[in-house]
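Here the structure comes first, spelled out in C-alpha coordinates, and everything after it is commentary.
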Amino acid sequence: MKRLNRILKHNKNIYQRLDFLKKENTKSLDRNTDNNLYGNDSQKEFNVGLIVILLILFIIISLGYYVLVFQPQMHELQEHKTIKANQANQLFNSTTSQDANKQAILSKIDSASTVEEVDNIDVYQWATPIIKNNLKEQVKSQKDKFGRVQINTDNTTNIVSENDADKYLNTLNVETLSKTSITMPDTVIIPLSLNRRQAASGLLKTGDSVDIYNTNKEITNTNLQDNNNQQELIDVSNQSDQISENNSTSYNIPVNSSTDKKLVGGATVVSILRSKDSGSVDSNIELSQYPHTRNYTQSSKVDIEEVIMAKSSGTLDESKLKIILDDYGWKISNYERLANIGDLDCEYIIMLEVPRESTQELINNMDTLLLAIPSYDAPDWVKL
(Lines give C-alpha, C1' and ligand atoms only; values in the text may rest on other atoms or scores of the structure.)
Protein backbone atom coordinates (compact mmCIF):
# COMPACT_ATOMS: atom_id res chain seq x y z
CA MET A 1 0.00 0.00 0.00
CA LYS A 2 2.80 2.35 0.89
CA ARG A 3 4.40 1.54 -2.35
CA LEU A 4 1.22 2.38 -4.21
CA ASN A 5 0.95 5.77 -2.56
CA ARG A 6 4.53 6.57 -3.49
CA ILE A 7 3.81 5.76 -7.08
CA LEU A 8 0.70 7.90 -7.15
CA LYS A 9 2.50 10.75 -5.44
CA HIS A 10 5.28 10.40 -7.93
CA ASN A 11 2.79 10.36 -10.81
CA LYS A 12 1.12 13.46 -9.41
CA ASN A 13 4.39 15.27 -9.67
CA ILE A 14 4.69 14.10 -13.20
CA TYR A 15 1.24 15.43 -14.01
CA GLN A 16 2.06 18.74 -12.35
CA ARG A 17 5.29 18.94 -14.19
CA LEU A 18 3.57 18.18 -17.47
CA ASP A 19 0.92 20.79 -16.72
CA PHE A 20 3.61 23.34 -15.86
CA LEU A 21 5.48 22.59 -19.00
CA LYS A 22 2.27 22.91 -20.94
CA LYS A 23 1.62 26.31 -19.40
CA GLU A 24 5.19 27.46 -20.07
CA ASN A 25 4.95 26.32 -23.65
CA THR A 26 1.66 28.11 -24.07
CA LYS A 27 3.09 31.37 -22.70
CA SER A 28 6.14 31.00 -24.90
CA LEU A 29 3.97 30.41 -27.94
CA ASP A 30 1.83 33.43 -27.06
CA ARG A 31 4.91 35.64 -26.80
CA ASN A 32 6.24 34.37 -30.10
CA THR A 33 2.86 34.96 -31.74
CA ASP A 34 2.74 38.54 -30.45
CA ASN A 35 6.24 39.21 -31.70
CA ASN A 36 5.40 37.79 -35.16
CA LEU A 37 2.23 39.85 -35.39
CA TYR A 38 4.08 43.02 -34.45
CA GLY A 39 6.81 42.31 -37.00
CA ASN A 40 4.28 41.65 -39.78
CA ASP A 41 2.41 44.90 -39.10
CA SER A 42 5.63 46.90 -39.23
CA GLN A 43 6.63 45.28 -42.52
CA LYS A 44 3.21 45.98 -44.02
CA GLU A 45 3.34 49.62 -42.93
CA PHE A 46 6.83 49.99 -44.43
CA ASN A 47 5.72 48.45 -47.73
CA VAL A 48 2.64 50.66 -47.93
CA GLY A 49 4.67 53.79 -47.22
CA LEU A 50 7.25 52.81 -49.83
CA ILE A 51 4.55 52.29 -52.44
CA VAL A 52 2.94 55.64 -51.64
CA ILE A 53 6.29 57.42 -51.91
CA LEU A 54 7.02 55.71 -55.22
CA LEU A 55 3.59 56.67 -56.55
CA ILE A 56 4.11 60.29 -55.50
CA LEU A 57 7.55 60.35 -57.15
CA PHE A 58 6.10 58.80 -60.31
CA ILE A 59 3.30 61.37 -60.43
CA ILE A 60 5.75 64.26 -59.88
CA ILE A 61 8.12 62.97 -62.56
CA SER A 62 5.22 62.40 -64.96
CA LEU A 63 3.85 65.89 -64.39
CA GLY A 64 7.31 67.39 -64.76
CA TYR A 65 7.92 65.49 -68.01
CA TYR A 66 4.51 66.54 -69.35
CA VAL A 67 4.96 70.21 -68.41
CA LEU A 68 8.64 70.59 -69.24
CA VAL A 69 9.12 68.18 -72.17
CA PHE A 70 6.00 66.67 -73.69
CA GLN A 71 3.76 69.75 -73.73
CA PRO A 72 6.41 72.05 -75.35
CA GLN A 73 7.16 69.36 -77.93
CA MET A 74 3.49 68.98 -78.79
CA HIS A 75 3.07 72.76 -78.93
CA GLU A 76 6.07 73.08 -81.26
CA LEU A 77 4.80 70.18 -83.38
CA GLN A 78 1.37 71.81 -83.68
CA GLU A 79 2.95 75.13 -84.68
CA HIS A 80 4.92 73.45 -87.46
CA LYS A 81 1.80 71.61 -88.64
CA THR A 82 -0.18 74.85 -88.65
CA ILE A 83 2.44 76.62 -90.75
CA LYS A 84 2.61 73.77 -93.25
CA ALA A 85 -1.19 73.66 -93.44
CA ASN A 86 -1.29 77.44 -94.02
CA GLN A 87 1.17 77.00 -96.88
CA ALA A 88 -1.08 74.38 -98.45
CA ASN A 89 -4.20 76.52 -97.95
CA GLN A 90 -2.42 79.52 -99.46
CA LEU A 91 -1.25 77.61 -102.54
CA PHE A 92 -4.55 75.83 -103.08
CA ASN A 93 -7.01 78.71 -103.16
CA SER A 94 -10.72 78.57 -102.37
CA THR A 95 -11.63 77.37 -105.84
CA THR A 96 -9.67 74.16 -105.19
CA SER A 97 -10.62 73.71 -101.54
CA GLN A 98 -12.11 70.30 -102.30
CA ASP A 99 -9.13 69.20 -104.36
CA ALA A 100 -8.15 65.62 -103.45
CA ASN A 101 -4.46 66.41 -103.80
CA LYS A 102 -4.76 69.23 -101.28
CA GLN A 103 -6.55 66.95 -98.83
CA ALA A 104 -3.81 64.35 -99.28
CA ILE A 105 -1.14 66.92 -98.40
CA LEU A 106 -3.09 68.08 -95.34
CA SER A 107 -3.57 64.47 -94.25
CA LYS A 108 0.16 63.82 -94.60
CA ILE A 109 0.92 66.88 -92.47
CA ASP A 110 -1.61 65.87 -89.80
CA SER A 111 -0.26 62.31 -89.57
CA ALA A 112 3.32 63.43 -88.87
CA SER A 113 4.36 62.60 -85.31
CA THR A 114 7.60 64.59 -85.01
CA VAL A 115 8.82 68.06 -85.93
CA GLU A 116 11.41 66.53 -88.24
CA GLU A 117 8.72 64.65 -90.17
CA VAL A 118 6.70 67.84 -90.57
CA ASP A 119 9.71 69.86 -91.73
CA ASN A 120 10.58 67.19 -94.28
CA ILE A 121 7.21 67.71 -95.97
CA ASP A 122 7.94 70.13 -98.84
CA VAL A 123 4.53 71.60 -99.60
CA TYR A 124 5.90 73.74 -102.45
CA GLN A 125 7.50 70.79 -104.19
CA TRP A 126 4.34 68.70 -103.94
CA ALA A 127 2.03 71.53 -104.99
CA THR A 128 3.97 72.75 -108.04
CA PRO A 129 3.16 69.92 -110.50
CA ILE A 130 -0.41 69.69 -109.24
CA ILE A 131 -1.22 73.38 -109.74
CA LYS A 132 0.70 73.57 -113.02
CA ASN A 133 -1.13 70.55 -114.49
CA ASN A 134 -4.49 72.01 -113.43
CA LEU A 135 -3.67 75.28 -115.22
CA LYS A 136 -2.53 73.46 -118.35
CA GLU A 137 -5.82 71.57 -118.42
CA GLN A 138 -7.60 74.93 -118.21
CA VAL A 139 -5.52 76.17 -121.16
CA LYS A 140 -6.88 73.33 -123.30
CA SER A 141 -10.48 73.96 -122.27
CA GLN A 142 -10.50 77.79 -122.31
CA LYS A 143 -8.89 78.61 -125.68
CA ASP A 144 -10.94 80.60 -128.17
CA LYS A 145 -11.41 79.93 -131.90
CA PHE A 146 -8.04 81.56 -132.60
CA GLY A 147 -6.26 79.16 -130.22
CA ARG A 148 -5.61 81.85 -127.59
CA VAL A 149 -6.17 82.00 -123.84
CA GLN A 150 -6.20 84.79 -121.30
CA ILE A 151 -3.79 84.40 -118.36
CA ASN A 152 -4.66 86.46 -115.29
CA THR A 153 -1.95 86.82 -112.65
CA ASP A 154 -0.64 89.56 -110.33
CA ASN A 155 -3.20 92.13 -111.58
CA THR A 156 -1.90 91.55 -115.12
CA THR A 157 -3.65 90.02 -118.10
CA ASN A 158 -1.79 88.27 -120.91
CA ILE A 159 -3.41 87.04 -124.11
CA VAL A 160 -1.23 84.34 -125.63
CA SER A 161 -1.46 81.29 -127.84
CA GLU A 162 -1.85 77.81 -126.38
CA ASN A 163 1.83 76.95 -126.93
CA ASP A 164 3.03 80.23 -125.47
CA ALA A 165 0.74 79.72 -122.48
CA ASP A 166 2.38 76.39 -121.67
CA LYS A 167 5.84 77.95 -121.96
CA TYR A 168 4.79 80.89 -119.80
CA LEU A 169 3.41 78.65 -117.05
CA ASN A 170 6.70 76.74 -116.95
CA THR A 171 8.52 79.96 -116.03
CA LEU A 172 6.35 80.79 -113.00
CA ASN A 173 7.14 79.79 -109.44
CA VAL A 174 4.60 77.94 -107.36
CA GLU A 175 3.37 81.00 -105.46
CA THR A 176 2.64 82.90 -108.68
CA LEU A 177 1.01 79.78 -110.15
CA SER A 178 -1.35 79.65 -107.18
CA LYS A 179 -2.55 83.19 -108.00
CA THR A 180 -2.93 82.50 -111.72
CA SER A 181 -6.19 81.75 -113.52
CA ILE A 182 -6.93 80.85 -117.11
CA THR A 183 -10.00 82.23 -118.89
CA MET A 184 -11.25 82.51 -122.42
CA PRO A 185 -10.28 85.88 -123.96
CA ASP A 186 -13.01 88.50 -123.66
CA THR A 187 -11.56 91.41 -125.59
CA VAL A 188 -12.48 94.72 -127.18
CA ILE A 189 -10.63 96.93 -129.67
CA ILE A 190 -9.94 100.44 -128.41
CA PRO A 191 -8.02 103.42 -129.88
CA LEU A 192 -5.18 104.87 -127.86
CA SER A 193 -3.75 108.32 -128.67
CA LEU A 194 -0.01 108.11 -127.99
CA ASN A 195 3.10 110.10 -128.72
CA ARG A 196 6.14 108.57 -130.36
CA ARG A 197 7.82 107.55 -127.13
CA GLN A 198 4.67 105.83 -125.87
CA ALA A 199 4.03 104.10 -129.21
CA ALA A 200 7.28 102.08 -129.18
CA SER A 201 8.85 104.69 -131.48
CA GLY A 202 6.26 103.86 -134.15
CA LEU A 203 8.10 100.64 -135.04
CA LEU A 204 4.91 98.61 -134.91
CA LYS A 205 3.02 96.75 -137.58
CA THR A 206 -0.49 95.44 -137.77
CA GLY A 207 -0.60 92.05 -136.05
CA ASP A 208 2.27 92.73 -133.65
CA SER A 209 1.89 91.90 -129.96
CA VAL A 210 2.74 94.51 -127.37
CA ASP A 211 2.73 94.76 -123.58
CA ILE A 212 1.11 97.84 -122.02
CA TYR A 213 2.66 99.45 -118.95
CA ASN A 214 1.57 102.32 -116.77
CA THR A 215 4.40 104.78 -116.06
CA ASN A 216 2.42 106.67 -113.42
CA LYS A 217 4.05 106.26 -110.00
CA GLU A 218 0.83 106.98 -108.11
CA ILE A 219 -0.99 103.94 -106.78
CA THR A 220 -4.72 103.86 -107.43
CA ASN A 221 -7.22 102.78 -104.82
CA THR A 222 -7.75 99.50 -106.61
CA ASN A 223 -4.05 98.73 -106.60
CA LEU A 224 -3.80 99.78 -102.94
CA GLN A 225 -6.54 97.35 -101.99
CA ASP A 226 -4.81 94.61 -103.94
CA ASN A 227 -1.59 95.42 -102.10
CA ASN A 228 -3.38 95.02 -98.77
CA ASN A 229 -4.59 91.59 -99.81
CA GLN A 230 -1.07 90.71 -100.88
CA GLN A 231 0.29 91.92 -97.53
CA GLU A 232 -1.94 89.44 -95.69
CA LEU A 233 -0.40 86.64 -97.73
CA ILE A 234 3.07 88.05 -97.05
CA ASP A 235 2.44 87.93 -93.28
CA VAL A 236 1.60 84.24 -93.53
CA SER A 237 4.71 83.68 -95.61
CA ASN A 238 6.86 85.51 -93.06
CA GLN A 239 5.57 83.23 -90.30
CA SER A 240 6.52 80.28 -92.44
CA ASP A 241 10.01 81.64 -93.01
CA GLN A 242 10.64 82.02 -89.26
CA ILE A 243 10.00 78.34 -88.60
CA SER A 244 11.38 76.75 -91.76
CA GLU A 245 14.45 78.99 -92.04
CA ASN A 246 16.78 76.11 -91.24
CA ASN A 247 14.85 73.62 -93.34
CA SER A 248 16.61 72.98 -96.64
CA THR A 249 14.26 73.10 -99.63
CA SER A 250 14.66 73.18 -103.38
CA TYR A 251 12.46 76.28 -103.76
CA ASN A 252 13.35 79.84 -102.89
CA ILE A 253 10.16 81.79 -103.46
CA PRO A 254 10.35 85.59 -103.43
CA VAL A 255 7.34 87.64 -102.37
CA ASN A 256 6.75 90.82 -104.36
CA SER A 257 4.86 93.45 -102.38
CA SER A 258 5.18 96.23 -104.96
CA THR A 259 2.49 97.06 -107.47
CA ASP A 260 3.13 95.63 -110.90
CA LYS A 261 3.00 98.39 -113.53
CA LYS A 262 2.21 95.98 -116.34
CA LEU A 263 -1.47 96.33 -117.21
CA VAL A 264 -1.90 94.11 -120.27
CA GLY A 265 0.37 91.62 -121.97
CA GLY A 266 0.05 90.30 -125.51
CA ALA A 267 -2.27 93.04 -126.82
CA THR A 268 -2.62 92.79 -130.59
CA VAL A 269 -2.07 95.82 -132.83
CA VAL A 270 -5.08 96.09 -135.15
CA SER A 271 -4.20 99.33 -136.97
CA ILE A 272 -1.87 102.36 -136.75
CA LEU A 273 -2.46 105.98 -137.73
CA ARG A 274 0.49 108.39 -137.83
CA SER A 275 -0.03 112.17 -137.72
CA LYS A 276 -0.40 113.69 -141.21
CA ASP A 277 2.61 116.01 -140.84
CA SER A 278 4.72 113.05 -141.89
CA GLY A 279 2.72 112.69 -145.10
CA SER A 280 4.08 115.78 -146.79
CA VAL A 281 7.21 115.04 -148.82
CA ASP A 282 9.13 117.91 -150.42
CA SER A 283 12.65 116.91 -151.44
CA ASN A 284 15.33 118.50 -153.59
CA ILE A 285 18.34 116.24 -154.10
CA GLU A 286 21.49 117.38 -155.94
CA LEU A 287 23.98 114.73 -157.07
CA SER A 288 27.42 114.89 -158.75
CA GLN A 289 28.38 112.31 -161.35
CA TYR A 290 32.01 111.20 -161.84
CA PRO A 291 34.43 110.99 -163.65
CA HIS A 292 32.65 113.59 -165.69
CA THR A 293 31.83 116.65 -163.70
CA ARG A 294 28.09 117.00 -164.05
CA ASN A 295 25.46 117.97 -161.50
CA TYR A 296 22.18 116.12 -161.32
CA THR A 297 19.19 117.62 -159.52
CA GLN A 298 16.04 115.69 -158.56
CA SER A 299 13.01 117.33 -157.03
CA SER A 300 9.85 115.66 -155.72
CA LYS A 301 6.78 116.78 -153.87
CA VAL A 302 4.11 114.43 -152.60
CA ASP A 303 1.26 114.94 -150.19
CA ILE A 304 0.10 111.53 -149.02
CA GLU A 305 -3.16 112.93 -147.68
CA GLU A 306 -4.05 114.28 -151.13
CA VAL A 307 -3.09 110.97 -152.68
CA ILE A 308 -5.40 109.16 -150.29
CA MET A 309 -8.25 111.52 -151.06
CA ALA A 310 -7.64 111.10 -154.79
CA LYS A 311 -7.71 107.35 -154.39
CA SER A 312 -10.87 107.51 -152.33
CA SER A 313 -12.57 109.47 -155.13
CA GLY A 314 -11.57 106.78 -157.64
CA THR A 315 -9.32 108.99 -159.77
CA LEU A 316 -6.12 106.99 -159.20
CA ASP A 317 -5.30 103.40 -160.08
CA GLU A 318 -5.07 100.92 -157.17
CA SER A 319 -1.99 99.14 -158.49
CA LYS A 320 -0.05 102.38 -158.82
CA LEU A 321 -0.77 103.40 -155.25
CA LYS A 322 -0.04 100.12 -153.51
CA ILE A 323 3.73 100.64 -153.60
CA ILE A 324 3.38 104.16 -152.20
CA LEU A 325 0.77 103.55 -149.53
CA ASP A 326 1.58 100.06 -148.27
CA ASP A 327 3.19 100.39 -144.78
CA TYR A 328 4.10 104.00 -145.54
CA GLY A 329 4.08 105.10 -141.89
CA TRP A 330 6.11 102.11 -140.71
CA LYS A 331 8.63 102.59 -143.53
CA ILE A 332 9.23 106.15 -142.36
CA SER A 333 9.84 104.98 -138.80
CA ASN A 334 12.10 102.16 -140.00
CA TYR A 335 14.22 104.47 -142.18
CA GLU A 336 14.47 106.87 -139.28
CA ARG A 337 15.69 103.99 -137.17
CA LEU A 338 18.37 103.20 -139.75
CA ALA A 339 19.38 106.85 -140.05
CA ASN A 340 19.25 107.44 -136.28
CA ILE A 341 17.35 110.67 -136.87
CA GLY A 342 13.62 111.27 -137.04
CA ASP A 343 10.56 113.31 -136.17
CA LEU A 344 10.09 112.93 -132.43
CA ASP A 345 6.95 115.07 -132.28
CA CYS A 346 4.66 112.88 -134.37
CA GLU A 347 1.52 111.44 -132.81
CA TYR A 348 -0.11 108.03 -133.23
CA ILE A 349 -3.55 106.55 -132.83
CA ILE A 350 -3.15 102.81 -132.35
CA MET A 351 -6.06 100.40 -132.30
CA LEU A 352 -5.36 97.60 -129.82
CA GLU A 353 -7.20 94.45 -128.85
CA VAL A 354 -7.26 94.38 -125.05
CA PRO A 355 -9.19 92.49 -122.33
CA ARG A 356 -12.58 94.02 -121.59
CA GLU A 357 -11.89 94.45 -117.85
CA SER A 358 -8.77 96.52 -118.60
CA THR A 359 -10.48 98.95 -120.95
CA GLN A 360 -11.50 101.61 -118.46
CA GLU A 361 -8.12 101.67 -116.76
CA LEU A 362 -6.33 102.06 -120.10
CA ILE A 363 -8.59 104.93 -121.14
CA ASN A 364 -8.22 106.71 -117.80
CA ASN A 365 -4.42 106.45 -117.88
CA MET A 366 -3.83 107.04 -121.59
CA ASP A 367 -1.33 109.86 -120.95
CA THR A 368 0.92 107.59 -118.87
CA LEU A 369 0.78 104.41 -120.97
CA LEU A 370 3.81 102.88 -122.65
CA LEU A 371 3.78 100.19 -125.32
CA ALA A 372 6.63 97.69 -125.05
CA ILE A 373 7.68 95.05 -127.57
CA PRO A 374 8.23 91.69 -125.81
CA SER A 375 11.57 90.17 -126.75
CA TYR A 376 10.11 86.66 -127.12
CA ASP A 377 7.95 87.98 -129.98
CA ALA A 378 10.29 90.67 -131.29
CA PRO A 379 10.22 91.70 -135.00
CA ASP A 380 12.90 90.60 -137.45
CA TRP A 381 14.92 93.81 -137.24
CA VAL A 382 15.61 93.25 -133.55
CA LYS A 383 19.06 91.69 -133.17
CA LEU A 384 19.73 90.41 -129.64
Side-chain angles (χ1 to χ4, degrees), residues 158-159 189-217 261-290 295-312 316-354 362-363 365-384:
N158 292 277
I159 301 174
I189 299 174
I190 63 172
L192 297 178
S193 178
L194 308 172
N195 58 38
R196 182 156 193 169
R197 179 185 64 85
Q198 294 175 281
S201 191
L203 293 169
L204 299 173
K205 282 186 175 181
T206 301
D208 286 349
S209 295
V210 295
D211 296 337
I212 307 176
Y213 288 83
N214 185 3
T215 61
N216 189 4
K217 295 182 180 180
K261 297 295 184 178
K262 183 178 178 181
L263 301 180
V264 176
T268 302
V269 178
V270 178
S271 68
I272 305 173
L273 292 179
R274 178 169 171 154
S275 57
K276 71 174 185 176
D277 294 340
S278 303
S280 298
V281 180
D282 189 358
S283 63
N284 187 0
I285 302 175
E286 183 176 346
L287 300 175
S288 295
Q289 189 175 14
Y290 295 95
N295 294 332
Y296 177 76
T297 302
Q298 179 180 357
S299 298
S300 62
K301 185 175 182 179
V302 179
D303 191 329
I304 297 299
E305 186 178 13
E306 293 182 358
V307 174
I308 294 174
M309 290 188 292
K311 174 61 186 72
S312 300
L316 293 178
D317 186 11
E318 177 76 24
S319 60
K320 295 179 180 179
L321 292 176
K322 183 173 180 59
I323 298 176
I324 299 177
L325 297 179
D326 192 22
D327 289 335
Y328 173 80
W330 181 84
K331 289 176 183 177
I332 294 177
S333 299
N334 191 41
Y335 286 132
E336 290 173 338
R337 176 184 65 84
L338 295 173
N340 297 328
I341 186 172
D343 181 10
L344 302 182
D345 297 327
C346 58
E347 300 287 333
Y348 293 85
I349 291 182
I350 300 180
M351 302 286 289
L352 291 174
E353 181 195 19
V354 297
L362 293 174
I363 295 174
N365 297 280
M366 193 178 302
D367 294 336
T368 58
L369 297 181
L370 179 68
L371 304 187
I373 302 174
S375 57
Y376 66 85
D377 194 21
D380 296 336
W381 56 265
V382 175
K383 304 299 181 183
L384 300 178

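Basis for what follows: all heavy atoms, side chains included, without hydrogens, waters or symmetry-related copies.
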Which residues satisfy the side chain to side chain contact (heavy atoms under 4.5 Å, CB included) test with [X], sequence neighbours excluded?
X    : answer
L273 : I349
D367 : none
L370 : R197, T215
A199 : L194, Y348, I350

Calculate, to the nearest 0.5 Å, the distance between atoms [atom1] and [atom2] belonging to [X] and [Y] respectively.
X    : Y    : atom1 : atom2 : result
L192 : M351 : CG    : CE    : 9.0 Å
D343 : S333 : CG    : OG    : 9.5 Å
L371 : L203 : CG    : CG    : 12.0 Å
W381 : N334 : CH2   : CG    : 8.0 Å

For [Y], does its backbone N or O pair with a side-chain atom of [X] as donor and acceptor, under 3.5 Å?
X    : Y    : value
D211 : G266 : yes
K261 : N216 : yes
Q198 : L369 : yes

I'd like to check [X] versus [Y] (side-chain heavy atoms, cut-off strictly below 4.5 Å). Are they in contact?
X    : Y    : result
L362 : I190 : yes
I373 : P379 : yes
V354 : L263 : no

Check: Is it the case that more than 12 heavy atoms not belonging to I341 sit under 6.0 Å from its CD1 atom?
Finding: no
Nearest heavy-atom contact between K262 and N158 is NZ-OD1, 3.0 Å
Heavy-atom nearest pair, A372 first then P374, reads O-CD, 3.4 Å
Across all chains, not counting sequence neighbours, the salt bridge (charged side-chain N to carboxylate O under 4.0 Å, His left out) partners of D208 are none
Knowing that exactly one of I189, V210, L204, V270 qualifies, which makes a side-chain contact (heavy atoms from CB on, under 4.5 Å) with L352?
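The single option meeting the side-chain contact (heavy atoms from CB on, under 4.5 Å) with L352 is V210.
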| query | Tell me, which pairs form a salt bridge (Lys or Arg N to Asp or Glu O under 4.0 Å) where one or both residues lie in residues 332-342, sequence neighbours left out? | reply |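 Those involving residues 332-342 are R196-E336, R274-E336.
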